[in-house]
Amino acid sequence: MTMNDLEARVDPATTATTADETVTALIARSNALGSDPRITNYAGGNTSAKGTDTDPVTGEPVELLWVKGSGGDLGTLTPAGLAVLRVDRVRALQGVYRGPEHEDEMVAAFDHTLFGKGGAAPSIDTAMHALVDAAHVDHLHPDAGIAIATAADGPALTTTVFGDRVVWVPWRRPGFQLGLDIAAVQRDHPEAIGAVLGGHGITAWGDTSDEAQGNSRWIIDTAEQYIAEHGKDQPFGAVRPGFAALPDTERRARAAALAPTIRGIAGHDKPVVGHFTDSDAVLDFLASEAAPRLAELGTSCPDHFLRTKVKPLLVDLPATASIDDTRARLHELHEQYRADYQAYYDRHADADATSPAIRGADPLIVLVPGVGMFSYGKDAQTARVAGEFYVNAINVMRGAEALSTYAPIDEAEKFRIEYWALEEAKLQRMPAPKQLSTRIALVTGAASGIGKAIAKRLAAEGAAVVIADLDLTKAQDAAAEIGGLDQAIGVAANVTSAADIERAVQETLLHFGGLDLVVNNAGLSLSKSLLETTEQDWDLQHDVMAKGSFLVSKAAAKVLIEQGLGGDIVYISSKNSVFAGPNNIAYSATKADQAHQVRLLAAELGEHGIRVNGINPDGVVRGSGIFASGWGANRAKTYGIDEQDLGAFYAQRTILKREVVPENVANAVYAICTSDFSHTTGLHVPVDAGVAAAFLR
């Protein structure tokens with residue numbers, strides 16, 4: 001059925017309903033396809049539907065194309081993520097298309113084909129969907145499909161695997177010409193339901209949404225089945241002696257030990273957040289004989305290498321090598337990688353300097369045999385997704401090697417896409433990063449009160465946050481309030497235990513790839529006079545706050561120094577660190593200890609670019625875990641007032657006559673960690689609404 005047939009069958013009186021039904025079916029199909037990792041990866045591929053709606057200017061039916069917009073994700077696509085274009089006007093662009101060398105003009109031309117406000121921005125693949133003469137079109141990046149698309153004998157395999165139902169289309173950069181190519185295939189091969197796009201992916205079509213989805217799934221299922229039945233048992237070859245996966249506990253400990261070094265390498269040119277993956281697919285690949293050869297060839301599908309760079313950094317030492325030897329080799333390989341990437345850029349950058357500037361020469365994927373894969377990006381989600389894409393690439397290599405030989409597109413074509421003016425324009429349209437973007441924060445005692453407020457503020461400003469608390473469930477619940485696992489995680493930690501702290505730091509390194517900002521907030525308070533204070537009271541106060549801060553700072557400093565990226569350590573001290581009041585000797589003495597730790601560590605860690613500062617709150621009653629645990633009642637008794645009036649009492653004794661709440665402390669922590677305070681260390685910031693007796697001298 002052609003689109004003219006479709007339009008002829010539509011009653012103008014029902015076009016609005018038809019449009020709604022078309023969009024509803026498209027979204028359902030997109031979500032179903034996008035939620036299956038076998039079919040496409042995050043933000044990869046696109047889907048479309050053609051139908052009719054009423055032109056509000058003429059009152060007549062108009063043929064429209066609804067297609068996933070630029071940067072959208074099929075699995076989570078909503079109607080707002082669709083671009084809406086007039087089919088007749090998109091097809092009319094064939095008359096002004098000047099050829100592949102003028103491809104970039106066509107994306108801007110799409111703006112003149114939009115229906116109404118047009119919805120989301122059209123992607124480079126829009127032409128493929130508009131020009132193919134079918135009501136529903138899917139373009140996907142399934143591992144099995146790309147395996148055939150990147151096999152050395154891909155054209156012959158396409159015929160062998162699919163017969164005449166799927167047609168081979170040689171590699172062409174995504175764009176208007178590729179749309180013309182696929183439209184020609186569909187026109188010249190009426191028996192075909194789709195195409196394998198060389199080096200890239202698959203496209204399928206159908207007269208109904210269900211038919212298009214069924215055809216897409218048939219291509220993928222058929223490719224998977226053929227690889228399973230006809231592929232080699234060991235497509236990557238034998239295991240290299242010494243390169244097999246280490247036992248789980250040893251592997252993860254080694255990953256955590258190497259993570260700071262690797263993040264320093266990946267963040268040499270610009271800061272990044274990391275992610276660690278030690279799936280069987282990754283470990284089996286790294287152990288294999290073929291890993292060095294295949295890693296050097298790099299990825300092929302544009303969606304893959306745009307996320308992972310054209311190739312990874314692969315450590316060439318066995319898993320049994322010492323940590324020190326592996327670190328040293330990582331630095332050597334990094335220098336080599338940077339030189340190779342610069343040479344790649346120089347080989348292909350336009351002679352007339354129209355290519356965008358180099359975006360950094362550091363790897364986004366670092367592979368360590370026996371340990372796993374470290375992936376990096378501008379935030380935790382981007383880092384995680386980059387790792388997922390490289391796992392897709394491994395699966396593609398496995399499939400291609402099982403049937404043939406992996407033969408990705410050449411590096412000149414990769415460069416044309418990586419440094420495409422359209423890709424650069426997309427990057428330039430992205431919103432400016434938040435102040436703490438790419439920073440990874442660990443906040444102790446953060447399941448409630450001041451710590452929770454700090455964690456929330458840091459996350460709101462772009463940081464990835466680890467909430468450490470005695471109670472794991474409460475820590476995880478607090479993290480869930482902030483967002484998903486790409487924003488925050490909760491970990492259990494008793495700050496009086498060096499082993500607990502090491503585990504918390506290890507979890508931070510394995511989940512987010514590094515550490516930049518530590519807030520020593522965990523604490524408790526016992527309000528007692530000198531004669532009432534027991535030795536146990538004294539030890540408990542000092543173990544949690546003085547010793548705990550020391551242990552946390554020591555573990556964090558080790559990571560920060562190894563990363564070589566600077567960092568911040570912040571102590572939540574107290575007005576009581578400098579002000580002497582009655583009935584709190586143990587609390588105030590340990591706060592004074594913390595306050596001096598700030599000065600001592602600022603002096604010691606400054607040479608590594610690590611800033612150490614303190615915040616001195618006072619009178620934080622509302623939302624405070626310390627006050628809720630009995631401290632408030634004791635302080636109220638000391639001052640001869642009702643506990644419910646304590647916040648107001650504290651406010652009235654201040655210069656500003658304002659009550660201090662946890663969010664005020666969180667604001668100060670955020671401010672001291674921003675670039676505005678890049679030259680400040682050893683400072684204590686009062687957050688007490690003005691207590692003259694606590695002024696620093």
Side-chain angles (χ1 to χ4, degrees), residues 14-37 39-57 61-87 89-90 106-130 135-141 174 179 208-210 212-213 216 303 306-307 378-382 384-385 422-423 425-434 460 462 483-484 486-487:
T14 63
T15 53
T17 302
T18 301
D20 290 343
E21 291 174 348
T22 300
V23 170
T24 298
L26 173 59
I27 294 298
R29 178 172 105 240
S30 303
N31 294 163
L33 293 172
S35 62
D36 187 340
I39 289 176
T40 201
N41 28 45
Y42 177 80
N46 30 70
T47 51
S48 70
K50 300 183 185 76
T52 60
D53 203 351
T54 301
D55 187 332
V57 175
V62 59
E63 186 182 358
L64 300 178
L65 171 73
W66 289 270
V67 59
K68 190 198 86 169
S70 178
D73 171 56
L74 288 178
T76 56
L77 188 66
T78 66
L82 296 172
V84 189
L85 307 93
R86 290 182 54 134
V87 174
R89 292 185 65 80
V90 179
M106 304 312 290
V107 173
F110 288 147
D111 291 344
H112 300 283
T113 71
L114 300 175
F115 180 69
K117 294 183 178 180
S123 77
I124 191 64
D125 287 316
T126 298
M128 176 195 309
H129 294 270
H136 302 268
V137 179
D138 297 332
H139 168 57
L140 305 168
H141 300 138
T208 68
S209 188
D210 287 344
Q213 182 175 174
S216 293
D303 267 28
L306 283 172
R307 299 272 188 168
K378 64 183 179 64
D379 53 37
Q381 182 197 49
T382 306
R384 174 179 54 80
V385 169
L422 295 178
E423 186 64 27
K426 183 190 297 185
L427 294 173
Q428 294 302 323
R429 288 196 301 269
M430 296 179 69
K434 295 181 178 180
D486 289 331
Q487 287 76 46

| Sequence neighbours excluded - side chain to side chain donor-acceptor pair (under 3.5 Å) pairs with any residue from residues 78-87 | Asp55-Arg86, Arg86-Asp88

| Which residue pairs pass the side chain to side chain donor-acceptor pair (under 3.5 Å) test with at least one member in residues 107-120, sequence neighbours excluded? | none

| said: Using the salt bridge (Lys or Arg N to Asp or Glu O under 4.0 Å) criterion, which residues pair with Asp486? Sequence neighbours excluded. | reply: Arg384

| said: Going by the rule side-chain hydrogen bond (donor to acceptor under 3.5 Å, both in side chains), which residues pair with Asp36 if we only count those two or more places apart in sequence or in a different chain? | reply: Arg38

| Can you tell me how far the CG atom of Asn46 sits from the CE atom of Met128, to the nearest 0.5 Å? | 6.5 Å

| Trace of the side chain to side chain contact (heavy atoms under 4.5 Å, CB included) decision for Val137 with Lys50 | CA-CA 9 Å; Val137 179; Lys50 300 183 185 76; 4.3 Å; yes

| Residues in side-chain hydrogen bond (donor to acceptor under 3.5 Å, both in side chains) contact with Thr382, at least two apart in sequence or another chain | Asp379

| field | Gln213 side chain vs Asp210 backbone, donor-acceptor pair below 3.5 Å | value | no

| said: According to side-chain contact (heavy atoms from CB on, under 4.5 Å), who are the partners of Pro37, at least two apart in sequence or on a separate chain? | reply: none

| said: Applying side-chain hydrogen bond (donor to acceptor under 3.5 Å, both in side chains), can you list everything that pairs with Ser209, at least two apart in sequence or on another chain? | reply: Arg29

| said: The criterion is side-chain hydrogen bond (donor to acceptor under 3.5 Å, both in side chains); which residues satisfy it with Ser123, sequence neighbours excluded? | reply: none

| task | Keeping to residues at least two apart or across chains, list the salt bridge (Lys or Arg N to Asp or Glu O under 4.0 Å) pairs with something in residues 68-78. | result | none

| note | Scanning both residues in full, the closest heavy-atom pair of Leu65 with Val87 reads N-CG2, 3.7 Å

| said: How close do Leu26 and Ala49 get, counting heavy atoms only, and between which atoms? | reply: CD2-N, 3.9 Å

| remark: For Thr52 and Ala19, the nearest pair of non-hydrogen atoms, with its separation, is O-CB, 3.5 Å

| said: Walk me through whether Leu33 and Thr40 qualify under side chain to side chain contact (heavy atoms under 4.5 Å, CB included). | reply: CA-CA 7 Å; Leu33 293 172; Thr40 201; 5.8 Å; no

| said: His141: which residues meet the ring-ring contact (aromatic ring centres under 6.0 Å, His included) condition with it, sequence neighbours left out? | reply: His139, His200

| With sequence neighbours left out, what residues match Arg89 under salt bridge (Lys or Arg N to Asp or Glu O under 4.0 Å)? | none

| How many angstroms lie between OG in Ser48 and CG in Leu82, if you round to the nearest 0.5 Å? | 10.0 Å

| Looking at Ala130 and Val90, what are the two nearest heavy atoms and their distance? | CB-CG1, 3.3 Å

| Any idea which heavy atoms bring Leu85 and Pro122 closest together, and the distance? | CD2-CG, 4.2 Å

| note | Here the pair of heavy atoms bringing Ala83 nearest to Ala120 is CB-O, 3.2 Å

| query | When you measure from the side chain of Asn31 to the backbone N and O of Leu74, does any donor-acceptor pair fall under 3.5 Å? | reply | yes

| With Val84 via side-chain contact (heavy atoms from CB on, under 4.5 Å) - residues at least two apart | Leu64, Trp66, Phe115

